[in-house]
Amino acid sequence: MEKNIESYLIEKRVFKAPRSFARTARIPSRAVYERLYRESIRQPEKFWAREARELVWQAPWKRVLEWKAPFAKWFIGGRLNISENCLDRHLTTARRNKAAIIWEGEPGDRRTLTYQQLHREVCRFANVLKRNKIRKGHRVIIYMPTIPEAAIAMLACARIGAVHSVVFGGFSADSIRDRIADSGAVAVVTADGGYRRGAVVPLKKNVDDALTGETSIKRVIVFRRTASDIHMEEGRDVWWHRELEYVNADCPAAPLESEHPLYILYTSGSTGKPKGILHTTGGYLVGAYCTTKYVFDLRDEDVYWCTADVGWVTGHSYVVYGPLANGATTLMYEGAPDWPEPDRFWRIIEDYGVSVLYTAPTAIRAFIRWGDAWVRKHDLTSLRLLGTVGEPINPEAWMWYHEKIGGGRCPIVDTWWQTETGAIMISPLPGATATKPGSATLPFFGIDAAVVDEQGEEVGPNVGGKLVIRRPWPSMLRTIYGDKTRYKKQYWSEFKGSYLTGDGARRDHDGYFWIVGRIDDVLNVAGHRLGTSEIESALVSHKHVAEAAVVGRPDEMKGQGVVAFVTLKENVTASPSLKEELRKHVSTHIGAIAKPDEVRFAEALPKTRSGKIMRRLLKEIASGRTVTGDTTTLEDFNVLARLSRGEE
Ligand code: PRX
């Protein structure tokens, strides 16, 4: 039998939910959370139905859930439209003239769309889609910068029942081609270009390259963003602004079945061939809506900013659908965080009075590396709540975020979830949950999360194991597009009736969840199974370290040896004595068992475009092999070349 994952880094700091926050919060105390959570687990269908009733249904559902494991249907018989819930339903209220989207482009251009304006644009573009013979059920690729038109295109597809598949604007022609082939899409919505670090990303050119040879694409609709010189293919390509001239703004929202597909989003995780994760209408909306409401506890006066690109699931659930379904003001920013200087985020927060900020640990570690002076230049007192997502946040990065960005007063919601889960699954609720740096804390209502051993038995406190979800939830993926077998095998085959997340975790004595990394990355050192995140967090707690990634390499004596790749803060000089100091630092913080056999300094680490460290590549480098396998999701190939050559 395989042993459980061991834990050595025990974090003792606890931060109570601030009183001022709890006073007005929807869930004002741990006791209220506990009561509602218990109810939601005892009678999940009752809980979800109550949330669903806050939304607009064109026909009521007959049954809340049909569960023929591993296939779930939610709100069966119900009909609704997500764009109606995100737009029309606010038009009869004071939110009609409230900002729905506040947008800033990288060059500094600005736009604000009220709910009424956004509704109008979505209706017009939905009519453009219809005019171009795009119908209910057709798949549409959206390959755009983070501009309001990306959200408009998504909502317009949803309005007519077309299924969107957003492809991140940083992906290449080959990635677009693969996604078109897998989804059988009939149209692409794109822009002539987008801005990134002052340069123009040639989006349309990439689309052209993806469409050479045989393709299912009949139409390409191009938004003019950069006024770049591009090729327009006669008979295939049309301009967004020209098409608008032919349509009006009258487009009723199609009444769609609750299980009608809403979108396919391709995810590679950090390994393997991309999978088309399929989400459907009713359940997904309920999940995105109600997690946004409770986790961010949004108020009408909030300016809410999720920094994710629309190409990721976070951009879907927490830039577009969740906030708009709640009638919130969602801020979008097109460009890089360090353009033109590393204080761009702080400048935006000050300029717009952002009150809720949701970003990723990878960004936080970059800010730490760039230095506090950039932060101090700006007034960040408008912030009241902070969030993170995407990776375990190292406790020291959490502390920095709390003190330097949150001024010590803002709760932090560390939200654990996945493209597959559609919505947040484990997270503090800001008025109710005391937080501990590095822990995503407690499961959301209706989410039966557990840590289990190889036999599927729940383990005791502080014992590591596999994180599973033991019952279906509304925003769960329905399948991998076109591949039910893979869906079953990947997520549901290991433990009967439980969804396998692929993450390792432990729960502490308070029932808090600590994600220790992906199961595939767990190290086995002299018979001890160690998650990556604790060793990395120990390294990041050293004053000179900005970022660290730990991997195993074959070791004759120990089974695996520990290799740490470390990025230092700016202005710190790499030296052999610092390497030794870091090895000792890990040893004193978590024990000799985790002491790295080798520390390698790296100017940067290989990451996916969404900022996750690609440990698989580092494993190959650490064991002296050449890197093989899929590297298409890698952000910067130069990083890999430098690491392979052993340059520091
Ligand atoms: O390993 C977990 C990590 O990111 C994975 C999901 O990645 P993706 O599908 O790209 O979705 C990212 C945005 C939801 C998870 O399996 N992860 C995500 N959030 C956290 C996290 N790990 C630890 N703590 C988190 N808060």
Side-chain angles (χ1 to χ4, degrees), residues 11 166 168 264-272 274-277 279 284 287-288 291-292 295 306-319 321-322 358-365 386-395 397-398 401 412-428 433 435-444 447 449 451 464 466-469 475-477 480 490-491 499-506 512-522 531-534 536-537 549 607-616 633 635:
E11 172 63 56
V166 182
F168 171 57
I264 303 168
L265 188 58
Y266 286 85
T267 169
S268 54
S270 36
T271 49
K275 304 171 283 218
I277 303 300
H279 284 291
Y284 174 79
T291 49
T292 304
V295 175
C306 167
T307 66
D309 189 280
V310 283
W312 312 124
V313 73
T314 312
H316 287 56
S317 300
Y318 299 109
V319 175
Y321 292 119
Y358 189 32
T359 191
T362 182
I364 296 169
R365 291 189 303 257
L386 304 174
T388 84
V389 59
E391 281 179 289
I393 180 163
N394 317 108
W398 193 103
Y401 196 31
I412 297 180
V413 288
D414 173 355
T415 62
W416 178 90
W417 60 295
Q418 305 176 302
T419 305
E420 291 87 339
T421 70
I424 293 168
M425 304 289 276
I426 303 178
S427 169
T433 318
T435 50
K436 303 183 189 185
S439 170
T441 77
L442 299 167
F444 188 74
I447 303 303
V451 180
K466 294 180 174 174
L467 177 63
V468 297
I469 314 294
S475 64
M476 66 189 264
L477 78 165
I480 293 175
Q490 176 118 24
Y491 302 110
Y499 167 82
L500 187 73
T501 67
D503 281 359
R506 69 180 164 89
Y512 279 36
F513 284 85
W514 298 77
I515 309 297
V516 302
R518 298 291 294 170
I519 290 286
D520 293 344
D521 296 330
V522 166
T532 47
S533 82
E534 293 185 355
E536 289 163 2
S537 289
K607 290 185 187 168
T608 64
R609 288 160 192 271
S610 62
K612 288 193 214 303
I613 295 166
M614 291 179 85
R615 291 184 186 74
R616 179 173 57 86
T633 54
E635 186 183 43

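For ligands, and for the atoms within them, numbers begin at 1 and follow the listed sequence.
- Looking at A440 against ligand 1, nothing comes within 4.0 Å, counting heavy atoms.
- By the 3.5 Å distance cut-off applied to N or O atoms, Q418 is counted among the residues near ligand 1.
- For ligand 1, one of its N or O atoms has an N or O atom of R518 under 3.5 Å away.
- A donor-acceptor pair is defined here as one N or O able to donate and one able to accept, closer than 3.5 Å; such a pair exists between the side chain of H279 and the backbone of T419.
- Taking distance alone, with nitrogen or oxygen atoms compared against 3.5 Å, T501 stays at or beyond that limit from ligand 1.
- Ring geometry for Y284 versus Y321: interplanar angle over 60°, hence perpendicular rather than tilted (30 to 60°).
- Here is the list of ligand 1 atoms found below 4.0 Å of a heavy atom in T415: 19 (N), 20 (C), 25 (C), 26 (N).
- Taking a cutoff of 4.0 Å between a charged side-chain nitrogen and a carboxylate oxygen, R365 and E536 do not qualify as a salt bridge.
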Verdict with supporting geometry, I412 and W398, side-chain contact (heavy atoms from CB on, under 4.5 Å): CA-CA 8 Å; I412 297 180; W398 193 103; 3.7 Å; yes

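- Heavy-atom contacts of T419 reach the following atoms of ligand 1: 8 (P), 9 (O), 10 (O), 11 (O) (cutoff under 4.0 Å).
- Checked against a 6.0 Å centroid threshold, the rings of F444 and W416 do not count as neighbours.
- Remark: the backbone N or O of S533 is paired with a side-chain donor or acceptor of S537 at under 3.5 angstrom.
- Near V389, the atoms of ligand 1 lying under 4.0 angstrom from a non-hydrogen atom of the residue are 13 (C), 14 (C), 19 (N).
- Contacts with ligand 1 closer than 4.0 Å are made by side-chain heavy atoms of I515 only, the backbone lying farther away.
- The side chain of K612, and not its backbone, has at least one atom closer than 4.0 Å to an atom of ligand 1 (non-hydrogen atoms only; side chain from C-beta on).
- For ligand 1, the polar-atom distance check against D414 finds a nitrogen or oxygen pair separated by under 3.5 Å.
- Here's the thing with S610: none of its N/O atoms is less than 3.5 angstrom from an N/O atom of ligand 1.
- Checking side-chain atoms of T501 against main-chain N and O of L467 turns up a donor-acceptor pair under 3.5 Å.
- Within ligand 1, counting atoms from 1 as listed, the ones closer than 4.0 Å to a heavy atom of T314 are 13 (C).
- For T415 (side chain) and A440 (main-chain N/O), no donor-acceptor pair under 3.5 Å exists by modelled atom type.
- Residue W417 approaches ligand 1 through these ligand atoms, each under 4.0 Å from one of its heavy atoms: 6 (C), 14 (C), 15 (C), 18 (C), 19 (N).
- Here the rule is side chain to side chain donor-acceptor pair (under 3.5 Å) with D503, and of Q418, K466, R518 only R518 fits it.
- Close N/O approach between G390 and ligand 1 is found [any backbone or side-chain N/O within under 3.5 Å].
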